[in-house]
Amino acid sequence: MKRTPQLLFKNRRPGETVWLRDYEQTGGYQGLKKALRELQPEQLRALVKDSGLRGRGGAGFPTGVKWSFFPADQPGPKYLICNCDEMEPGTYKDGELLQADPHQLIEGMIIAAYALQTESGYIFIRYAYREQFDHLRRALAEATAAGYLGRNILGSGFSFELHVHGSAGRYILGEETALLNGLEGKRPNPRSKPPFPAVRGLFGRPTTVNNVETLANIQHIVNGGAAWFKGLALTAKGAGTKLYGLSGHLERTECFELPVGIGLRELIADYGGGVWRGRNFKSCLPGGASTPFLSAAELDVQLDYQTLEAVGSRFGTGCVTVFDDRTCMVAVTLNLTRFFARESCGWCTPCRDGLPQVAWLLEKIETGQGTMDDLQLLKSQQRNISGTSFCALADGAMGPVDGLLRLFEQELIDHIQKGACPFERNQASGLRSQV
Amino acid sequence: MSELLSTQQIDQFKTRLAALEHPRELVVDLLLAVQENHGWVPDRGVELVAGMLGLTPLEVEEIATFYDKIYRRPVGRYPIHICDSVCCWSRGGEAIAAHLQQVLGIGMGETTADGLFTLLPTCCLGGCGRAPAIMVGRRFYGPLQTADVDRILAELRREATS
Ligand SMILES: Cc1cc2nc3c(=O)[nH]c(=O)nc-3n(C[C@H](O)[C@H](O)[C@H](O)COP(=O)(O)O)c2cc1C
Ligand code: SF4
Ligand code: FES
């Protein structure tokens, strides 16, 4: 087990939070100073593009490319927004980062704001992250008092003010245009794209939305350079490290900072402590609830964007949920589909009506009431919903359904033929896990 | 019944609102402030917030009802949000939910007769590494076994009477 350089979790100590003085002592705000003194905004945008950093919020869009579309030179208000909604089941990395080291996000955001020439920013944070919300408020006050935020930052002539907005629940707020409506105090259904937020975003002004982990990487790229950042990954096309939050049937369900491109097998065995109770690996969600399942045949995959796409899934949020060999995959998919159906915002028909129907079909099959016609219906629903919804929530919901149909179709057929779930219910649902 | 917003809070919000180009961006802050004082957001709360923002009650209502952590109906002093998403489910979340319903003698969405506890299912709490998990009010608890649940309930009952 080679030790990975720690950037994002450098200051992390169990149960502690790093405040300004300690943050500065380990090199904090050096990246900001360097950026303001040595780099022009367009040089910074080019640097981030060269670094190969891709968005860590789930979609994986190259950050520098996104920034290159931003009208940084347009006069008038423009906004930078950090997305800390983090409500996709399995995903808890941004919460861990902010628990340990809130200044890291703030420094990254100030540099990003300078690169994009936005004078105003928001951190949008979910209801359940109350502690992280409080940490951010305290860290913002510290940063303002130290002159890192506010007017004429460190004498550079650049000004940036940053606010925290605490939300009140609902997964759809993580979708960036729904988030914008939420911030504006409107009913948070998604908006149509185009126009993209870079053109018409918050309050109709140019806006960039980035994930917590994406933004926290910026000062490290400034300090270490694009080539160094790229070299941190274990794949040729990858870049940087990644926060991997482990969950499900592992001995150790913790969050680790490891290279982009680490092998799934190694992550599970060396960091997750192996599949729990000495059982075998059956499947996993490699990057959150909306990423198609992998099976044991894919255990040798390296965790990166292209490599996971090549095996029919996605890197997503990089948070891995593992299922052991006693798990019923129909039951897992039913649980996931119920989540998406409940969190649907109700705006468009494929999602509002389609997801409950998928959940109903899965429930029928799981409880032994399903027929082969239901299986056909499930397949056609999956096709009908994919690509037809107003936003990406319903597409994401079809991720695990697609994985179930591709990798575990026999399991569906077994349910139908047996007229019951072939797995022992208690074990499949984990109900017996507490004894 | 406690007041919806104190005079001091109203003044503070008015100052903040006056400084904003788009006052309605504070609608969620205001609704949560009402909820913190009152336990939930009654019709009067929606009307109060609407009045402060220059919106109609209907415009505030369509926001209030969108968010699941804004309660538009009375809840107990301790709303218990039970995570039913996949990581908690995979590690015994259903047993925790069943145990809570059994020891409190109520179903999901119901409140105990003493007004202390309401059970609400919730999606992932962002504590998937500490599954199964619940959130009571805004406090996170996990990973849990049924014995932990009993201990937490006892603590909350003690807290409520002290
Ligand atoms: C239903 C849905 C939920 C999302 N939730 C989040 C989230 O919680 N955090 C996040 O950063 N991105 C989330 N996204 C992706 C955002 O829309 C957006 O792509 C992202 O914030 C961009 O940041 P990045 O490029 O730095 O990843 C979500 C997307 C969808 C469709
Ligand atoms: S897919 Fe449609 S209904 Fe579902 S969340 Fe997006 S806009 Fe709302
Ligand atoms: S699935 Fe329960 S906290 Fe994430």
Side-chain angles (χ1 to χ4, degrees), chain A residues 77 86-92 94-96 126-131 165-173 182-189 203 245-249 252-255 276 285 289 319 321-324 327 331-332 335-336 338-339 342-343 345 400 429-435, chain B residues 20-32 35 53 55 59-71 81 83-96 98-99 121-133 135 137-140 143-148:
Chain A
E86 193 160 71
M87 287 180 72
E88 178 147 329
T91 307
Y92 62 100
D94 298 334
E96 296 272 318
R126 64 174 296 180
Y127 184 85
Y129 287 170
R130 177 56 176 261
E131 266 182 70
H165 172 89
S167 189
R170 290 290 171 214
Y171 169 57
I172 190 58
L173 273 293
L183 265 184
E184 288 187 13
K186 298 190 177 141
R187 190 170 164 95
N189 297 103
F203 305 119
L246 304 182
S247 62
H249 298 155
R252 212 181 309 126
T253 50
E254 292 168 24
C255 189
W276 72 347
L285 293 160
C319 287
T321 307
V322 169
F323 304 104
D324 69 25
T327 311
V332 172
N335 176 285
L336 292 164
R338 281 181 177 150
F339 159 79
R342 195 170 70 198
E343 294 301 319
C345 83
S429 69
L431 276 181
R432 230 197 292 159
S433 62
Q434 298 307 311
V435 294
Chain B
L20 288 174
E21 202 184 325
H22 312 277
R24 69 184 288 167
E25 70 176 273
L26 292 190
V27 62
V28 173
D29 289 24
L30 275 161
L31 288 166
L32 288 177
Q35 180 160 294
L53 296 176
L55 299 174
E59 284 172 306
V60 174
E61 179 72 341
E62 68 169 19
I63 295 159
T65 53
F66 193 97
Y67 293 98
D68 67 321
K69 301 302 184 296
I70 291 174
Y71 316 126
H81 300 273
C83 176
D84 59 10
S85 291
V86 70
C87 313
C88 288
W89 173 85
S90 77
R91 296 181 74 103
E94 286 182 341
I96 298 297
H99 185 70
T122 186
C123 73
C124 178
L125 294 166
C128 324
R130 291 173 287 158
M135 181 172 73
R138 301 190 75 163
R139 269 180 277 179
F140 177 91
L144 298 175
Q145 303 203 358
T146 48
D148 300 315

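In what follows, every chain begins at residue 1, and chains take the letters A, B, ... in the order their sequences are listed.
When each of A:T91, A:V322, A:V332, A:L246 is checked for heavy-atom pairs under 4.5 Å with chain B, A:V332 comes out on top. Here A:P188 is the residue among A:G169, A:P188, A:G182 with the most heavy-atom pairs under 4.5 Å with chain B. No other option in A:G166, A:G90, A:G95, A:A128 has as many heavy-atom pairs under 4.5 Å with chain B as A:G90. For the set A:G245, A:P89, A:A168, the count of heavy-atom pairs under 4.5 angstrom toward chain B peaks at A:A168. Interface summary for chain B: among A:L183, A:I172, A:L285, the most heavy-atom pairs under 4.5 angstrom belong to A:L183.
Contact annotation for A:E184: only backbone heavy atoms (N, CA, C, O) come within less than 4.5 Å of a heavy atom of chain B. When heavy atoms are compared at a cutoff of 4.5 Å, B:E59 does not approach chain A at all. With a 4.5 Å cut-off on non-hydrogen atoms, A:T321 touches chain B through its side chain but not through its backbone. With a 4.5 angstrom heavy-atom cutoff, A:E343 touches chain B only via side-chain atoms. Contacts of A:L336 with chain B are made by side-chain atoms alone, with heavy-atom separations under 4.5 Å and no backbone atom involved. Only the side chain of A:F339 comes within contact range of chain B, with heavy atoms under 4.5 Å apart. With a threshold of 4.5 angstrom between heavy atoms, B:L32 approaches chain A through side-chain atoms but not through N, CA, C or O. With a 4.5 angstrom heavy-atom cutoff, A:R338 does not touch chain B via any of its atoms. Contacts between B:V86 and chain A at a heavy-atom distance below 4.5 Å involve backbone atoms as well as side-chain atoms.
Side-chain contact between A:R126 and A:R170 is absent, with no heavy atoms from C-beta onward closer than 4.5 Å. Using a 4.5 Å cut-off on side-chain heavy atoms (C-beta onward), A:R342 and A:Y171 make no contact. No side-chain heavy atom of A:Y127 sits less than 4.5 Å from a side-chain heavy atom of A:S167. Residues B:F140 and A:E131 have side chains not in contact (no heavy-atom distance under 4.5 Å, counting atoms from C-beta outward). The side-chain heavy atoms of A:P77 and A:F203, taken from C-beta on, include no pair separated by under 4.5 Å. Looking only at side-chain heavy atoms (C-beta outward), B:D84 and B:W89 stay at 4.5 Å or farther from each other.
Within the model, atoms CZ of B:R130 and OG1 of A:T253 stand 9.5 Å from one another, a figure rounded to the nearest 0.5 Å.
Other residues, nucleotides and ligands contribute over 12 non-hydrogen atoms within 6.0 Å of the CD atom of A:E254.
Judged by distance alone, with hydrogens and angles left aside, the side-chain atoms of A:E86 form a donor-acceptor pair with the main-chain N or O of A:D94 at under 3.5 Å.
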